[in-house]
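What follows is a short report on a single structure.
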Amino acid sequence: MRTPTMTHRLTAEFVGTFWLVLGGCGSAVFAAKFVADDGVSLGIGFLGVALAFGLTVLTGVYAFGVISGGHFNPAVTLGAALAKRVEWGAVLPYWIVQVIGGLLAGLVIYVVAKGKEGWSAIGNMAANGYGEHSPGGYSLVAVLIAEIVLTGIFLLVILGSTDDRAPKGFAGLSIGLTLTLIHLISIPISNTSVNPARSTAVAFFNGDGAPAQLWAFWLAPLVGAAIAGVAYPYLFGVAEELAERPVRDDALDDRRG
């Protein structure tokens, strides 16, 4: 079987990012605060939303990781390129399809949510924010620090889990659980981005200041990912450099063999 073509890889990134936003942001919009007719709260809350984001990445990595690397996130793509896990020529195409996939998922969430009488998208699309738009009222500086640090840790886990020296077959589990933990930490701080495509996907539907604050949720994750991507080889060394391959996985070796 042939190595995945760039078209295959971009399709995988598009679908994977769509799934991440639909599953994660969709759970926040539809299920986080659900109240039954009798007034009983059946919502999944912060814990449920955190699990939803983790599950989307876990399933996406196992489904599409061998095709594209399973990034679904411009910050991950940047960090992977700096760590020489993906070729630089793939960065911009990956970013474009990731943003488009996320926006399409945001549109689906918006259209479905509008099916409920009286629902308004303003402030209700799981957008990221700081200051008065932060769930816990955290400042811009606090949000930037949290997003940089958490994205950096996320990239270190991703790079370590997909290293040639790591046990095979567990990367999706490790990455998904890490994203769950990141959300448990930072939903009250920024509604958790660590992913510019996820932030872009809902900001313009949400309105209420989210588009004006979107810059922070591109800058901070990209900075955190860049730091981790540069630092990983120096901190932990590398077994080999395979910049031309979309993902470090035995399946690709088997296909080439």
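Residues: numbered from 1 along the sequence shown. Computed from a predicted structure; not experimentally measured.
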Review point. Within the distance-only criterion (no hydrogens, no angle test), does the side chain of Asn195 pair as donor or acceptor with the backbone N or O of Arg198 below 3.5 angstrom?
Key: yes
Point to revise | Residues which pass side-chain hydrogen bond (donor to acceptor under 3.5 Å, both in side chains) with Trp95, listed by chain and number, not counting sequence neighbours | key: none
**Study point:** Approximate separation, where rounding is to 0.5 Å, of Leu55 CG and Thr180 OG1
**Key:** 6.0 Å
Exercise for review: Report the relative orientation of the aromatic rings in Tyr232 and Phe236; use parallel for angles under 30°, tilted for 30 to 60°, perpendicular for over 60°.
Suggested key: tilted
Practice item. Without swapping roles, check the side chain of Asn128 against the backbone of Leu214 for a donor-acceptor pair under 3.5 Å. Key: no
Exercise for review: Output, in order, the C-alpha distance, side-chain angles, deciding distance and verdict of side-chain hydrogen bond (donor to acceptor under 3.5 Å, both in side chains) for Thr200 and Trp218.
Suggested key: CA-CA 9 Å; Thr200 304; Trp218 273 86; 2.8 Å; yes
Review point. Side chain of Tyr62, backbone of Gly169: donor and acceptor closer than 3.5 Å?
Key: yes
Check your understanding: With Ser120, which residues qualify under side-chain hydrogen bond (donor to acceptor under 3.5 Å, both in side chains), at least two apart?
Key -> none
Review point. In terms of hydrophobic clusters joined by side-chain contacts under 4.5 Å, are Leu20 and Leu58 together?
Key: no
Point to revise | Interatomic distance, Ile153 atom CD1 to Ile185 atom CD1 [nearest 0.5 angstrom] | key: 9.0 Å
Point to revise | His8 vs Thr11, side-chain hydrogen bond (donor to acceptor under 3.5 Å, both in side chains): CA-CA, chis, key distance, verdict | key: CA-CA 5 Å; His8 295 148; Thr11 301; over 6 Å; no
Check your understanding: Any link between Val194 and Tyr138 through a network of hydrophobic side chains (Ile, Leu, Val, Met, Phe, Trp, Tyr) touching at under 4.5 Å?
Key -> no
Practice item. Provide the full list of ring-ring contact (aromatic ring centres under 6.0 Å, His included) pairs with a residue in residues 141-191, sequence neighbours left out, each pair given once. Key: Phe53-His183
Exercise for review: For Val61 and Val57, run side chain to side chain contact (heavy atoms under 4.5 Å, CB included): C-alpha distance rounded to whole Å, both residues' side-chain angles, the deciding distance at 0.1 Å, then the answer.
Suggested key: CA-CA 6 Å; Val61 167; Val57 169; 4.0 Å; yes
Study note, to complete from the structure: Tightest non-hydrogen contact, residues Val97 and Leu10, listed as CG2-O, 3.7 Å
Exercise for review: Measure from the side-chain N and O atoms of Thr192 to the backbone N and O of Ile187, and report whether any donor-acceptor pair falls under 3.5 Å.
Suggested key: yes
Practice item. Determine yes or no for a side-chain-to-main-chain donor-acceptor pair under 3.5 angstrom, with Gln213 supplying the side chain and Tyr130 the backbone. Key: yes
Check your understanding: How long is the gap from CD on Glu13 to OG1 on Thr77, to the nearest 0.5 Å?
Key -> 5.5 Å
Review point. Would you say Ile227 and Ile182 are hydrophobically clustered, going by side-chain heavy atoms of ILVMFWY under 4.5 Å?
Key: no
Review point. Can you name the closest pair of heavy atoms from Ser27 and Val49 and give their distance?
Key: OG-CA, 3.9 Å
Practice item. Check whether any side-chain heavy atom of Phe217 lies under 4.5 Å from a side-chain heavy atom of Leu144, and answer yes or no. Key: no
Review point. What pair of heavy atoms forms the shortest contact from Ala81 to Val91, and how long is it?
Key: CB-CG2, 3.6 Å
Review point. So how far is it from Leu156 CG to Thr178 OG1, rounded to the nearest 0.5 Å?
Key: 10.5 Å
Check your understanding: Side chain of Thr151, backbone of Ile148: donor and acceptor closer than 3.5 Å?
Key -> no
Revision key, fill the gap. Sorted by chain and number, sequence neighbours left out, side-chain hydrogen bond (donor to acceptor under 3.5 Å, both in side chains) with Ser41 holds for none
Review point. What pair of heavy atoms forms the shortest contact from Pro221 to Ser193, and how long is it?
Key: CG-OG, 4.1 Å
Check your understanding: How close do Ala52 and Gly23 get, heavy atom to heavy atom, and via which atoms?
Key -> CB-O, 3.7 Å
Review point. Would Arg9 count as a cation-pi partner of Phe64, with NZ or CZ less than 6.0 Å from the six-membered ring centre and within 45° of the ring normal?
Key: no
Exercise for review: Could you tell me the separation between the CG atom of Leu159 and the CG atom of Leu235, rounded to the nearest 0.5 Å?
Suggested key: 10.5 Å
Study note, to complete from the structure: Sorted by chain and residue number, the side-chain hydrogen bond (donor to acceptor under 3.5 Å, both in side chains) partners of Ser190 (sequence neighbours excluded) come out as Glu147
Check your understanding: Rounded to the nearest 0.5 Å, how far apart are CZ of Phe30 and SG of Cys25?
Key -> 10.5 Å
Practice item. Over all heavy atoms of both residues, which pair between Gly152 and Ala228 is shortest? Give the atoms and the distance, please. Key: O-CB, 3.3 Å
Review point. Is it true that Asp164 and Arg85 have a side-chain N and a carboxylate O under 4.0 angstrom from each other?
Key: no
Let me check something: any side-chain donor-acceptor pairs from residues 99-118 under 3.5 Å, sequence neighbours excluded? List them with distances.
none

Check your understanding: Can you tell me if Asn124 uses its side chain to pair, donor with acceptor, with the backbone of Ile122 under 3.5 Å?
Key -> yes
Review point. When hydrophobic residues are tied together by side-chain contacts of less than 4.5 Å, even through go-betweens, does Met125 share a cluster with Phe18?
Key: yes
Check your understanding: Where the side chain of Tyr94 meets the backbone of Ser68, is there a donor-acceptor pair that is under 3.5 Å apart?
Key -> yes
Practice item. Following the transitive rule for hydrophobic clusters with a side-chain heavy-atom cut-off under 4.5 Å over Ile, Leu, Val, Met, Phe, Trp and Tyr, establish whether Leu51 and Leu150 coincide in one cluster. Key: no
